[in-house]
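Quantities reported herein were computed from a predicted structural model and do not represent experimental measurements.
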Amino acid sequence: MAEAVIRHDWTRDEVSALFALPFNELMYRAHSVHREHHDPNAVQVSTLLSIKTGGCPEDCAYCPQAARYDTGVQAQKLMSVDAVLERAKAAKAAGASRFCMGAAWRSPKDRDVVKVAEIVSAVKGLGLETCATLGMLSDTQAQSLKAAGLDYYNHNLDTAPEFYGEVIHTRQYQDRLDTLEHVRAAGMKTCCGGIVGMGESRGQRAGLLQTLANLPEHPQSVPINQLVQVEGTPLAGTEALDPFEFVRTIAVARLLMPASMVRLSAGRQQMDDAVQALCFFAGANSIFYGEKLLTTGNPDVEQDRALFRRLDLHPLEIVETDSTVHADILETETASASCGQGCGCSVAA
């Protein structure tokens, strides 16, 4: 098949047509594009830590950290630099190449950004890639985080523009796009995806991916999250998404954004190994590693290591450069022998 072309002008009809392909045809096309741009047996491994938990004033219907929902999540203050560093060192020792830090804010105050910048600098000093998700950012806040050494900023679109109002009322879609623009202008890479299984239609899943693919720059990381239903949130009890529809979403994301890292994100704990294997074949090549994603569960480390061994997958490691490191990710020299790393990822900022 013809070499994949990087496009930013996808129509909704074109994306819907990809979703409608026979499953085996879609998988063939997605895997072929994946092989053009990536090592098909390598997976980037991240670890996610909630550095400030709960108490968020937003009303995102999926989120257990919203203060208005009774989900059992206890609000906690921003962690200290030393406490975060301890967790980052453990993540690196376990095989993670990127350390992601999440804080449940609608938008951080400038004094909060100063504290987070200190944490970012310390984690960056360990030789890890750094990522943060703190809510909406101003242009100057984005510049401050970039100066501190932040490589990636996560800010998900969550869903299609026309379905967004069914899920969130306290922040507008344009607010999310504005933050992404501030992040790009500051010179950071974007980590931006969405959540599926929130009651949206296939056409609306197509709309999410169309919007992501038509951004001025494709997000370097695209987390595709399957809704983790948490008792006490408005979306608890939503009909579960068919697993093959989730795999189709991964495959279409790979076709639309060939060079991006597509992250098999939240919801892996509810997926069996066969579904995860199909996702890797369809183009997922990034995961979160560890037993917890912010406040929801994730497969434990030993389970992930066993899955990597069974699928002959190996993790990627970063090589330090004068700039950020994503383009220079390489295979570990000993991965084929040890196959000893894990997976997982997160959702929504």
Side-chain angles (χ1 to χ4, degrees), residues 44-56 58 63 65 76-81 83-88 91-92 96-158 171 175-176 178-193 219-223 225 261 263 265-266 286 288-290 292-295 318 324-326 344-349:
Q44 187 275 326
V45 177
S46 299
T47 291
L48 176 67
L49 175 67
S50 179
I51 61 173
K52 185 270 178 188
T53 303
C56 182
E58 303 266 32
C63 187
Q65 300 201 65
Q76 300 173 10
K77 295 181 179 179
L78 184 67
M79 294 173 64
S80 68
V81 175
V84 176
L85 266 184
E86 182 179 350
R87 299 290 291 274
K92 184 176 182 180
S97 61
R98 187 181 308 166
F99 194 70
C100 306
M101 296 159 278
W105 285 310
R106 168 179 165 79
S107 181
K109 296 180 173 62
D110 287 344
R111 65 174 181 269
D112 298 322
V113 172
V114 171
K115 295 175 183 177
V116 173
E118 184 180 358
I119 293 171
V120 167
S121 294
V123 173
K124 184 71 173 174
L126 298 176
L128 287 163
E129 285 187 311
T130 54
C131 180
T133 177
L134 316 172
M136 294 182 288
L137 292 183
S138 68
D139 54 353
T140 55
Q141 289 174 335
Q143 291 161 13
S144 295
L145 291 170
K146 167 65 175 177
L150 191 65
D151 296 308
Y152 288 81
Y153 194 77
N154 167 255
H155 203 62
N156 290 334
L157 294 182
D158 285 354
R171 188 191 311 187
D175 293 329
R176 293 181 180 269
D178 290 345
T179 288
L180 291 171
E181 176 54 36
H182 295 154
V183 170
R184 288 191 298 267
M188 286 185 285
K189 294 178 169 68
T190 56
C191 174
C192 183
Q220 285 79 11
S221 285
V222 182
N225 301 278
M261 304 296 283
R263 181 173 296 164
S265 199
S286 178
F288 271 129
Y289 185 75
K292 196 172 185 180
L293 302 179
L294 297 179
T295 60
I318 60 173
T324 53
V325 289
H326 187 83
C345 151
S346 127
V347 157

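For the residue pair Gln44 and Ser46, a side-chain donor N or O sits within less than 3.5 Å of a side-chain acceptor on the partner. A donor-acceptor pair shorter than 3.5 Å cannot be found between the side chains of Glu129 and Ser97.
No option in Lys146, Arg98, Gln220, Lys124 other than Lys124 meets the side-chain hydrogen bond (donor to acceptor under 3.5 Å, both in side chains) test with Asp151. When each of Val123, Thr47, Asn154, Leu48 is checked for a side chain to side chain contact (heavy atoms under 4.5 Å, CB included) with Cys131, only Asn154 meets the rule.
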Scan the side chains in residues 99-112 for donor-acceptor partners under 3.5 Å anywhere in the protein, sequence neighbours excluded, and list what turns up.
residue, atom, partner, partner atom, Å
Arg106, NH1, Glu58, OE1, 3.3
Arg106, NH1, Thr170, O, 2.4
Ser107, OG, Met136, O, 2.8
Asp110, OD1, Gln141, NE2, 3.0
Asp112, OD2, Lys109, N, 2.9

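When all heavy atoms of Leu137 and Thr179 are compared, the closest pair comes out as N-OG1, 3.2 Å. Heavy-atom minimum distance, Thr190 versus Pro219: OG1-CA, 3.2 Å. Nearest approach of Val113 to Ser144, heavy atoms of both residues: CG1-CB, 4.1 Å. Among all heavy-atom pairs drawn from Leu78 and Lys115, the shortest one is CD2-CB, 3.7 Å. The minimum heavy-atom distance linking Ala88 with Leu126 is given by the pair CB-CD1, 3.7 Å. In terms of heavy-atom proximity, Ala122 sits nearest to Val81 at CB-CG1, 3.8 Å.
Remark: Met79 CE to Thr53 OG1 distance equals 8.5 Å, nearest 0.5 Å. Expressed to the nearest 0.5 Å, how far CG of Leu134 lies from CG of Leu145 amounts to 6.0 Å. Interatomic distance, OG1 of Thr130 versus NZ of Lys189, reported as 10.0 Å (0.5 Å rounding).
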Assess whether side-chain contact (heavy atoms from CB on, under 4.5 Å) is satisfied between Leu180 and Asp178, documenting all intermediate values.
-> CA-CA 5 Å; Leu180 291 171; Asp178 290 345; over 6 Å; no
Trace of the side-chain contact (heavy atoms from CB on, under 4.5 Å) decision for Asp139 with Glu181 = CA-CA 8 Å; Asp139 54 353; Glu181 176 54 36; over 6 Å; no
Going through the checks in order, is the side-chain contact (heavy atoms from CB on, under 4.5 Å) test met by Cys191 and Arg263?
-> CA-CA 10 Å; Cys191 174; Arg263 181 173 296 164; 4.0 Å; yes
Do His155 and Arg176 pass the side-chain contact (heavy atoms from CB on, under 4.5 Å) test, and can you show the C-alpha distance, the side-chain angles, and the key distance before you say yes or no?
-> CA-CA 7 Å; His155 203 62; Arg176 293 181 180 269; 3.8 Å; yes
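In this structure, the side chain of Asn225 engages the main chain of Ala266 through a donor-acceptor pair within 3.5 Å.
With sequence neighbours left out, the side chain to side chain contact (heavy atoms under 4.5 Å, CB included) criterion links Ser80 to Asp82, Ala83.
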